[in-house]
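Just dropping this structure here.
Keep in mind that this is a model prediction, so the values were computed, not measured. Each ligand, and each atom within it, is numbered from 1 in the order the structure gives.
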Amino acid sequence: MSKAFSVLVTGGAGYIGSHSVLALLDAGWDVVVLDNLVTGFSWAIDDRASFVEGSVEDMALTARIIADHNIGAILHFAGSVVVPESVTDPLKYYRNNTAASRALIESAVVGGVRHFIFSSTAATYGEPEAIPVQESAPTVPINPYGRSKLMTEQMLQDISAAHPMNHAALRYFNVAGADPEGRSGQSTDGATHLIKVAVEAATGKRDHVAIFGTDFDTADGTGVRDYIHVSDLAAAHVAALDKLVEDPARSYILNCGYGRGFSVSEVLDAVDRITNAPIERRIEGRRAGDPAALVADNSAILDTLRWTPQRDDIDLIVADAMAWERKLAEKRT
Ligand code: UDP
């Protein structure tokens with residue numbers, strides 16, 4: 001059955017965006033991708049989607065896309081995502097994340113777009129007082145990245161109250177893995193995220209993995225995170241869109257995680273299990289701004305959306321990340 005409107009996906013050439021484009025297309029949505037290809041790749045966009053190269057800040061462009069393609073919903077992934085960079089170059093984050101979102105939301109409101117899904121982050125919580133963290137926990141981000149995203153959440157709350165547009169702010173925990181069918185994966189150079197770094201080490205792109213701190217107040221002293229498979233996260237976006245359409249009067253803030261934490265050592269053990277060849281671990285000092293543990297209370301998303309995690313297994317996440325990394329390694333040679 002064809003849908004009543006098309007969906008605009010900003011950042012659809014990026015890591016989480018490209019997987020969400022696949023999930024939307026597989027669910028029967030017509031998709032238009034807007035991406036400036038600064039960190040994304042045009043090959044990551046499925047052929048079934050239309051592609052416009054350009055910036056979210058370009059309001060003339062977004063207004064035209066919304067009108068020309070009968071856009072009824074926007075999934076907004078485009079933005080900057082490197083926490084340490086946000087500390088040294090905050091203006092970039094307030095521009096690419098906060099100001100660009102404001103411009104896009106204005107085009108959406110003016111163009112009559114009814115539904116908006118925003119890529120938010122667990123970084124909006126800062127250092128949570130209680131683990132697992134609920135959506136009602138205080139939002140006290142500890143870096144410009146988290147603040148730039150929280151400001152957009154706040155804009156959306158005000159805008160949904162004033163205009164006929166509901167929204168879902170999805171607060172991602174640690175996203176990892178790759179499309180199980182091998183259609184996309186994390187491909188941007190200069191990775192800093194643990195699982196990506198570890199699979200790069202496993203394929204010989206780097207010679208070791210640093211463990212940033214072994215003196216945290218956790219079971220084994222290393223940092224604990226809630227790793228969610230990117231395909232499950234993509235499916236959560238499709239389920240959130242269905243929910244926004246079903247109940248246009250309501251908006252949502254939802255944690256996206258499995259509600260279970262793994263330590264750095266446990267993640268590296270999983271990588272060793274999958275590859276059967278231990279990678280070198282080097283213990284280093286703590287990285288600035290790293291909380292000891294960040295684990296989602298995911299009861300809200302489980303209760304609200306028709307969403308059941310399919311790949312809630314650290315070995316599966318690592319295996320999919322590894323398969324994709326091997327593909328990238330073949331491309332390099
Ligand atoms: N980490 C690590 N070595 C690395 C990268 C990350 O020990 O090369 C740790 C980091 O200190 C944190 C966890 O792995 O405890 C997850 O970090 P990541 O950068 O993947 O995501 P974040 O939680 O910072 O968004």
Tell me which protein heavy atom sits closest to atom 3 (N) of ligand 1, plus the residue, atom name and distance to 0.1 Å.
->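 Closest protein heavy atom to atom 3 (N) of ligand 1: Ala210 O, 2.6 Å.
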Verify the distance criterion only: is there a donor paired with an acceptor across the side chains of His229 and Asp312 at less than 3.5 Å?
->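 On atom types as modelled, these side chains do not qualify, holding no pair under 3.5 Å.
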For Ala44 against Ala13, the heavy-atom pair lying closest together |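 Where Ala44 meets Ala13 most closely, the heavy atoms are CB-O, 3.7 Å.
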Non-hydrogen side-chain atoms of Phe173 and Val133 separated by less than 4.5 Å |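 Sidechains of Val133 and Phe173: in contact.
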Heavy-atom contacts under 4.0 Å between Leu194 and ligand 1: side chain, backbone, both, or neither?
->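 For Leu194, the contact with ligand 1 is made by both the backbone and the side chain.
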For ligand 1, which atoms, with element, lie under 4.0 Å from some heavy atom of Gly223?
->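 Answer, ordered by atom number: 15 (O).
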Beyond-backbone contact of Gln310 with Thr308, side-chain heavy atoms, under 4.5 angstrom =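 Yes. Closest side-chain heavy atoms under 4.5 Å.
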Closest approach of any protein heavy atom to atom 22 (P) of ligand 1, naming residue and atom =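 Residue, atom and distance for the closest contact: Asn174 ND2, 3.5 Å.
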N/O separation below 3.5 Å, Ile195 to ligand 1 =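 Checking ligand 1 against Ile195, no N or O pair falls under 3.5 Å apart.
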Within less than 4.0 angstrom of ligand 1, does Tyr227 place any heavy atom?
->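 Flag set, Tyr227 near ligand 1.
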Closest protein heavy atom to atom 5 (C) of ligand 1, given as residue, atom name and distance to 0.1 Å |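 For atom 5 (C) of ligand 1, the nearest protein heavy atom is Thr192 O, 3.4 Å.
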Taking atom CG of Asp46 and atom CG of Leu25, what is their separation to the nearest 0.5 Å?
->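 One finds 5.0 Å between CG of Asp46 and CG of Leu25.
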If we only count N/O pairs under 3.5 Å, is Arg225 in contact with ligand 1?
->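 The answer is yes, given that Arg225 and ligand 1 share an N or O pair closer than 3.5 Å.
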Who's the nearest protein heavy-atom neighbour of atom 9 (C) of ligand 1, and how far?
->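 Checked against all protein heavy atoms, atom 9 (C) of ligand 1 sits closest to Val264 CG2, 3.6 Å.
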Which residue holds the protein heavy atom closest to atom 19 (O) of ligand 1, what is that atom called, and what is the gap in Å?
->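 Checking every protein heavy atom, the shortest distance to atom 19 (O) of ligand 1 gives Arg287 NH2, 2.9 Å.
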How many angstroms lie between CZ in Arg64 and CE in Met59, if you round to the nearest 0.5 Å?
->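 Reported to 0.5 Å precision, the distance equals 13.5 Å.
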Does an N or O from Phe212, backbone or side chain, lie closer than 3.5 Å to an N or O of ligand 1?
->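 N/O-N/O distance below 3.5 Å exists for this pair.
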So Glu284 and Arg282, salt bridge (charged side-chain N to carboxylate O under 4.0 Å, His left out) or not? Walk me through it.
-> CA-CA 6 Å; Glu284 294 186 9; Arg282 287 191 204 156; 6.0 Å; no
Protein heavy atom at shortest distance from atom 10 (C) of ligand 1 |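 The closest heavy atom on the protein side is Asp290 OD2, 3.5 Å.
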Polar-atom distance check: Ile211 versus ligand 1, any N or O pair below 3.5 Å?
->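 Not met; the criterion fails.
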Looking at Asn143, Asn97, Thr124, which one forms a side chain to side chain donor-acceptor pair (under 3.5 Å) with Ser148?
->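 When side chain to side chain donor-acceptor pair (under 3.5 Å) is applied between Ser148 and each of Asn143, Asn97, Thr124, only Asn97 qualifies.
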State, without any angle test, whether Tyr93 and Glu85 hold a side-chain donor-acceptor pair at a distance under 3.5 Å.
->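 Result is yes, a qualifying pair exists.
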